[in-house]
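Contents: one structure, followed by commentary.
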Amino acid sequence: MAGWEQHVRKVIPYVPGEQPRQEGMIKLNTNENPYPPAPGVARALREMDPEQFRLYPDPAASLLVDSLARRYGLASNQIFVGVGSDDVLAMAFLTFFNGKKPILFPDITYSFYDVWANLYRIPYQCQPLDEAFCIRPEDYERENGGIVLANPNAPTGVAAGLKTLQGILEQNRDVIVIIDEAYIDFGGDSAVSLIPSYDNLLVVQTFSKSRSMAGMRIGYAMGQPRLIQYLNDVKYSFNSYTMSQASLRLGAEAVAEEAYFLDTTKKIINTRERVKKELTGLGFVFPDSKGNFIFASHPQISAQELFEALKREKIYVRYFPKPRIQDYLRITVGTDSQMDILLSFLKDYTSIDRP
Ligand code: PMP
């Protein structure tokens, strides 16, 4: 090791899902939305004048912040925006988890949480989900330095009810509780309604899934003003201009089109429920997903084998070779016709006689 390497901040990075660019592929591996962004986004993009890119964007991101505040019935000082919810969550970890006690999150959850904890040297303890992949609220009653829960959870799709979350908040008034609602628009009850009652609750959402804008990188957090102020103080100590002119404008356009948003999320929910029935018919088992994906296992065929067989057909799904979940595939819900191709392949593949 070179001398200077001793002082390098060494981390094991998060590994995002593949982004293959193959002709004719069916991409069901990173929970993107198969439908285009709202029509107003395309319109605004056409009208955009590159001259504006000469100037820095508004550091307060007011156009986007105000539109989100209106959408959620909150004040503008209750909204924080960032470059995807990954950026928002990373800022929240840096801001709120600055103590010595371990933060708590489930053993099976979004695999970025332990990466940020390690990056920022935040002590953490994973709490095991039960056999049905549900959180056990009593695990979050011990002393801790903060709590992070994805709801619905990833990669399982299991959602905890608001009563359960409220119980956890009641037991943890002196630490920050982050609820990561990346998938909430596809089912489950949002904790936004609890914000007035808990000054320690931060709810994080994203444009990447239900608003079809993963490529624009827009995420946001909602909470009481003091929480948002602390987040902004850290953001302004890190990078004042996180949101580009384009993401501010196009993000605000997407929020304005509520009917389109409701229509596309409903389509995905309907497709998901149909695919659940068909997968059950093929012998798959899965927890009841409220996200835009299904976390499915086949009792006779290994997930790795299926993952590879699907890939040969240019159908990409996500496989996590990790304890407790190595028998599962996470399958993003695409369009009906994409899912029909997937199901037809799985029907043939599962009907092959096996010794
Ligand atoms: N939280 C969860 C639970 C996720 O699955 C994802 C998607 N990888 C994110 C946050 C981050 O999404 P984005 O940065 O695109 O908003």
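Because the structure is a prediction, the values reported are computed rather than measured. First listed ligand is number 1; within each ligand, the first listed atom is number 1.
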Quiz item: Taking Y183 as the fixed residue, which of N31, N153, N151, T206 is the one that meets the side-chain hydrogen bond (donor to acceptor under 3.5 Å, both in side chains) rule?
Solution: N31
Quiz prompt | N-O pairing of K235 and D233 below 4.0 Å | solution = no
Quiz item: Any side-chain donor paired with an acceptor under 3.5 Å for Y72 and Q78?
Solution: no
Practice problem: For the residue pair F97 and F93, categorise the inter-ring angle as parallel (less than 30°), tilted (30 to 60°) or perpendicular (more than 60°). | Solution: perpendicular
Exercise. List for me each residue that meets side chain to side chain donor-acceptor pair (under 3.5 Å) alongside E257, sequence neighbours excluded, and say none if there are none.
Key: none
Practice problem: For K27 and Q338, run side-chain hydrogen bond (donor to acceptor under 3.5 Å, both in side chains): C-alpha distance rounded to whole Å, both residues' side-chain angles, the deciding distance at 0.1 Å, then the answer. | Solution: CA-CA 9 Å; K27 192 171 178 304; Q338 288 178 319; over 6 Å; no
Pairs of nitrogen or oxygen atoms, one from ligand 1 and one from the protein, closer than 3.5 Å: please tabulate them with distances.
residue  : atom   : partner : partner atom : Å
ligand 1 : 1 (N)  : D180    : OD1          : 3.3
ligand 1 : 1 (N)  : D180    : OD2          : 2.6
ligand 1 : 5 (O)  : Y183    : OH           : 2.6
ligand 1 : 8 (N)  : Y110    : OH           : 3.2
ligand 1 : 12 (O) : S85     : OG           : 3.3
ligand 1 : 14 (O) : S85     : N            : 3.2
ligand 1 : 14 (O) : D86     : N            : 3.0
ligand 1 : 14 (O) : D86     : OD2          : 3.4
ligand 1 : 14 (O) : R217    : NH2          : 2.8
ligand 1 : 15 (O) : S208    : OG           : 2.6
ligand 1 : 15 (O) : R217    : NH1          : 2.8
ligand 1 : 16 (O) : S85     : N            : 2.7
ligand 1 : 16 (O) : S85     : OG           : 2.6
ligand 1 : 16 (O) : T206    : OG1          : 2.5
ligand 1 : 16 (O) : S208    : OG           : 3.4

